[in-house]
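Worth saying up front: this structure is predicted, and the values here are computed from it rather than measured.
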Amino acid sequence: MSRIIIDADIDMLGIVYDSIKVTCRFKANNVKYAISNDNLLSSILNQTMEAERSEIIERPATGLSIQLFRHRLRSIQIISDYSSNDQYDSYQHPFESEILVSLMGIIKLYENPENSHQASARLFFDLSKRNRLLFKHGMIYPSESLIYHSDKKDHFEIEQIDHVLSQTVPILATTSLAQIDSLELFMTHNRQFKCKFGLTAPQDKNVPVKNFMNMSTEDSVITWQNVFNHIVSNYSLSQLSEAWLQNIVVTLSPFKDQWVVNFDQYSLTHNFNSYLPKDQIVAMVQSVAKQSNGKARIKHIVLEKEEKKTEMLRLDLEPLAVKTKNSAIAMPLRNADTDGKVIHYFDLSDHNGYFLSHDKFMKMVK
């Protein structure tokens, strides 16, 4: 085990018991310990059951996740969510061998040398039923960088989209119930985009999974190229300075032979690591508001500072259905000299200004 993470909410009376979430993280592929993946997984599942029977953990392990990165299994997480309402049906019960067999099937397919150009992934599984492995949700991260052409009708070349899909298909093939439900495009410092596919398990098991990734037909690649073009054309500001890193998230749902694309999130991040006067920060925010040309508005502002340095400025935007002439903002900033890190969160008010909704203070304790 490499790490134990305990998350919980706190109220006036202390820790909210039902909000506790305990995550135990285990490293895989560790050269220091010569142990195979199947022996490691078997040991983790057995020790989890023993910890429940010894009441070291008071609630059942409700979830398991695996991280697949650069052609190897990298980590395994066991999660005990105290808010889970499974009535302790699985508590202290052994894990059936089918769970281990299913996990090893996914891992072996991913580590197959023939699939050397795969994406990375994090997959989450539900452990409420201990007789079988139930896929819950996940993410796939293709390594392919997409060159953005702002002056062309097709902002992304079809060959690059084809490479993205080719990397993604082998992971989708490992679990038949993985339905793509979101797509995230995020900009790197060299003005290129990378993407992340969000996966979920369909609520209705009678509805077939449809991901439009039939690599034997060009139609699948064109369908996805249209999705990528649609996202940057409709949900991003193309004329911004390269210093602003863009991040766009949309939800996807299949309908007949195409995707229905809906806006979810759009954020701009500017990294600094230098002192900036508050007037300059306000001017930068107002510049983005002006460049949106009334088509979008800034909904949230996040300002991260450490001591007297400004570390990061993030703007969360949302598109406007009706064009507005008002793009000015009012953002009161206060100077805070701390020996740690402070993050200010500003939210849009009903009067077109911004108010400080809350702060987060962080300090390293040795």
Side-chain angles (χ1 to χ4, degrees), residues 69 120 122 139 141-150 155-156 182-196 198 228 231-232 235-250 263-293 295-319 327 329-348 354-365:
F69 181 66
S120 299
R122 185 179 289 276
M139 292 86 70
Y141 310 84
S143 62
E144 180 76 15
S145 294
L146 300 169
I147 300 174
Y148 173 67
H149 302 283
S150 59
H155 299 304
F156 300 105
S182 68
L183 174 60
E184 178 178 346
L185 284 177
F186 51 95
M187 185 180 288
T188 60
H189 287 282
N190 55 5
R191 201 66 178 175
Q192 296 182 359
F193 279 95
K194 285 196 170 186
C195 67
K196 177 175 73 174
F228 279 73
I231 292 172
V232 295
Y235 306 129
S236 68
L237 303 176
S238 59
Q239 304 304 319
L240 288 175
S241 162
E242 293 185 8
W244 287 105
L245 300 180
Q246 305 187 44
N247 189 292
I248 318 163
V249 182
V250 299
F263 173 83
D264 187 26
Q265 301 172 37
Y266 178 48
S267 65
L268 303 171
T269 302
H270 200 309
N271 298 306
F272 300 101
N273 192 29
S274 61
Y275 170 76
L276 290 178
K278 64 180 182 180
D279 292 344
Q280 184 175 345
I281 297 173
V282 173
M284 292 179 66
V285 177
Q286 288 177 330
S287 176
V288 171
K290 185 177 181 180
Q291 290 183 69
S292 70
N293 196 27
K295 295 185 295 183
R297 67 178 178 182
I298 301 170
K299 191 175 182 181
H300 305 290
I301 301 170
V302 181
L303 179 65
E304 182 179 313
K305 303 179 74 175
E306 186 164 4
E307 297 179 349
K308 294 186 178 182
K309 288 184 177 180
T310 300
E311 298 287 336
M312 180 273 293
L313 174 64
R314 192 186 81 223
L315 309 178
D316 296 334
L317 289 84
E318 63 179 2
S327 62
I329 71 161
M331 185 179 69
L333 292 177
R334 68 187 188 195
N335 293 320
D337 293 332
T338 67
D339 57 351
K341 181 179 292 185
V342 58
I343 305 177
H344 304 297
Y345 294 85
F346 299 87
D347 293 342
L348 179 66
Y354 293 83
F355 65 94
L356 181 65
S357 61
H358 63 284
D359 287 330
K360 181 185 291 184
F361 294 90
M362 293 177 286
K363 183 178 179 179
M364 183 66 70
V365 179

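- Between the side chain of T269 and the main chain of R314, no donor-acceptor pair closer than 3.5 Å is present.
- Checking side-chain atoms of Q246 against main-chain N and O of L237 turns up a donor-acceptor pair under 3.5 Å.
- To the nearest 0.5 Å, atoms CZ (F186) and CD1 (I248) are separated by 11.5 Å.
- The side chain to side chain contact (heavy atoms under 4.5 Å, CB included) search around Q192 returns S145, I147, T188, N190, not counting sequence neighbours.
- The shortest side-chain heavy-atom distance between L313 and V285 falls under the 4.5 Å cut-off.
- Between H270 and F272, the ring planes lie parallel to each other; the angle is under 30°, not in the 30° to 60° tilted range.
- Counting heavy atoms from C-beta outward, V232 and F156 have side chains that approach closer than 4.5 Å.
- Take E184 and apply the salt bridge (charged side-chain N to carboxylate O under 4.0 Å, His left out) test, not counting sequence neighbours, and it matches K196.
- Distance CG/N271 to OG1/T310: 11.5 Å, rounded to 0.5 Å.
- Remark: M139 CE to S182 OG distance equals 9.0 Å, nearest 0.5 Å.
- For Y266, there are no ring pair (Phe, Tyr, Trp, His ring centres under 6.0 Å) partners two or more places apart in sequence or in a different chain.
- The CG atom of L183 lies 11.0 Å from the CG atom of D264; values are rounded to the nearest 0.5 Å.
- For the pair Y141 and C195, the minimum side-chain heavy-atom distance is 4.5 Å or more.
- Side-chain atoms of Y345 do not come within 3.5 Å of backbone N or O of H300 as any donor-acceptor pair.
- The shortest side-chain heavy-atom distance between Q291 and L240 falls under the 4.5 Å cut-off.
- Between the H155 side chain and the H149 main chain, a donor and an acceptor come within less than 3.5 Å of each other.
- In this structure the side chain of L317 reaches within 4.5 angstrom of the side chain of L268, judged on heavy atoms.
- Considering OG of S143 and CZ of F69, their distance stands at 9.5 Å, rounded to 0.5 Å.
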